[in-house]
Amino acid sequence: MTDERLDQILKQALAPEIDDREIQVYKRRKDKMRKFIRIGKAVAAAVAVAVIGIGGLGYFNPTLAAKIPLIGKIFEKIEDDITYSGDYTDKGTVLTNEDHMGNLDTSNYSVSDQGITLTASEVYCDGYSIFLTVNIEANEADFTHIPEHYTGNIAENQKAAGFYIGGTWSVNGNATERIENTFEGEVIDSHTFAGMLKLNLPQKMEGNGELCFYVNGLGYDDDRMLGSEEISASHWIDGSWNIVLPFEVNKTDVKTIEVGEKEGNITLDNVVVSPYQVIVHTTTPGEQRELTEDRKEKLLSKDPDLTDAEMFEMLGWSYEPCYTIVFNQDGEMLYSDVEMAGWAGFAVQGKEIKSLYIFIFDNMDDWVQMESEGINSGVADRAVIFKEIYVK
């Protein structure tokens with residue numbers, strides 16, 4: 001995407017309009033994060049608002065707040081505000097509990113370094129992604145200036161705070177993946193953050209598994225530094241927070257619908273519907289060439305921040321992305337989180353899913369227009385693939 005096109009999307013997305021200085025701050029932050037291969041209007045607005053900052057967050061005064069058990073109940077605490085919101089009751093596995101005095105019943109999933117304690121709290125897996133909640137404590141920190149960002153459609157005013165994380169992860173000893181997302185959640189007090197991280201599995205899993213979680217850096221933005229040259233992860237510290245934790249695939253309410261429809265160079269393979277996400281799996285010509293782990297490691301040794309798309313480009317391989325939008329039976333657009341090669345992820349956010357209307361474009365401008373105008377957009381007939389999927 002060109003800088004000019006990014007400017008247009010940002011200015012259309014935010015109300016009131018953001019000025020050119022704020023756009024430039026966002027661009028610097030985007031270059032550092034490298035979180036998404038393509039950023040949609042709603043996602044661009046979410047990240048930009050995180051940079052601008054939100055006032056009146058209403059944090060607890062740690063000297064006045066009574067000790068309330070939090071670890072073991074983080075899903076319950078943040079489930080209404082995170083991107084992949086919903087009712088997590090009885091869905092996840094509790095790893096670590098806490099009593100009213102703050103005592104943990106196990107230390108297997110709690111690790112400290114550089115004055116920061118990271119405690120894994122709960123884990124849920126639908127076979128396609130792992131949803132992990134954590135508690136982060138730092139006695140010398142002041143988390144109350146972490147800005148919130150939009151985690152849903154702006155009109156719904158759904159927001160959460162974000163916490164950067166660096167490192168790698170792997171499952172059952174398989175290939176190591178980089179941690180590319182951030183923790184989303186809530187600042188509890190000056191020294192405590194509770195959040196969730198979503199990790200997308202490289203392939204569908206069945207049964208039990210073991211997640212090796214290797215964290216080498218943690219950090220967060222500071223809304224007092226908006227005017228500085230670089231505010232992204234302005235509070236960052238390197239360290240070592242390594243945890244190995246078990247998880248079990250929960251197949252309840254998870255459905256995979258095979259499609260296999262091909263139009264032009266794009267194939268809609270299947271659609272996955274779980275309690276918290278909808279995943280659209282596609283195939284495009286650029287995905288026919290395998291990016292082997294050996295070749296991938298060599299490229300990442302030169303630049304550890306490379307995305308798969310950038311590695312394809314360095315190798316001179318074709319990479320043809322597609323742009324997907326999903327609506328439910330009521331014409332409600334599902335919140336688009338991330339789209340990359342073969343995978344487009346959408347947050348359910350408590351919406352009822354009986355049927356899905358899937359539009360796949362090969363032109364991003366058409367995608368942006370439909371995202372702005374909704375299901376009755378005039379560009380609907382430009383979709384390379386349109387498919388109605390009956391779910392239940």
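Here the structure is a predicted model, which means the values were calculated and not measured.
The two residues Glu339 and Cys322 make their nearest non-hydrogen contact at OE2-O, 2.8 Å.
The CG atom of Leu95 sits 7.0 Å away from the OG atom of Ser121 when rounded to the nearest 0.5 Å. The distance from atom OG of Ser85 to atom OH of Tyr335, rounded to the nearest 0.5 Å, is 10.5 Å. Between Ile358 atom CD1 and Glu388 atom CD the span is 10.0 Å, to the nearest 0.5 Å.
For Lys351, the NZ atom is densely surrounded, since the number of other residues' heavy atoms within 6.0 Å is greater than 12. The number of heavy-atom neighbours closer than 6.0 Å to CG of Asp381, taken from other residues, nucleotides and ligands shown, is above 12. With a 6.0 Å radius and a threshold of 12 heavy atoms from other residues, nucleotides or ligands, Glu258 has its CD atom above the threshold.
The side chain to side chain donor-acceptor pair (under 3.5 Å) test applied to Lys91 returns no partner, not counting sequence neighbours.
When Val171, Leu245, Val244, Thr176 are each tested for a side-chain contact (heavy atoms from CB on, under 4.5 Å) with Cys212, only one passes: Val244. In summary, of the residues considered (Tyr88, Tyr124, Phe131), a ring pair (Phe, Tyr, Trp, His ring centres under 6.0 Å) with Phe75 occurs for Tyr88 alone.
Counting only heavy atoms from C-beta outward, the side chains of Glu184 and His149 approach each other to under 4.5 Å. Between Thr256 and Val271 there is no side-chain heavy-atom pair separated by less than 4.5 Å. The side-chain heavy atoms of Leu132 and Leu199, taken from C-beta on, include no pair separated by under 4.5 Å. With a 4.5 Å cut-off on side-chain heavy atoms, His145 and Arg224 count as touching. Contact annotation: the side chain of Phe327 never approaches that of Leu334 to less than 4.5 Å [non-hydrogen atoms, C-beta and beyond]. Residues Asn242 and Val111 are not in side-chain contact: their nearest non-hydrogen atoms beyond the backbone lie 4.5 Å or more apart.
No close placement of the Phe361 and Tyr323 rings is indicated, their centers lying 6.0 Å or farther apart.
Side-chain polar atoms of Glu177 and Thr168 form no donor-acceptor pair below 3.5 angstrom. Side-chain atoms of Thr133 and Glu122 form a donor-acceptor pair, as typed in the model, at a separation below 3.5 Å.
Classification of the Phe143-Phe193 ring pair by plane angle, with boundaries at 30° and 60°, yields perpendicular.
Salt bridge annotation for Glu79-Lys77: absent, with no cationic side-chain nitrogen under 4.0 angstrom from a carboxylate oxygen.
Using a distance-only test at 3.5 Å, with no hydrogens or angles considered, a donor-acceptor pair links the side chain of Glu98 to the main chain of Leu70.
Applying the salt bridge (Lys or Arg N to Asp or Glu O under 4.0 Å) test to residues at least two apart or on different chains, the pairs with a partner in residues 196-220 are Lys204-Glu206, Glu206-Lys251.
Linking ILVMFWY residues whenever their side-chain heavy atoms come closer than 4.5 Å, directly or via other members, leaves Val94 and Phe213 in distinct clusters.
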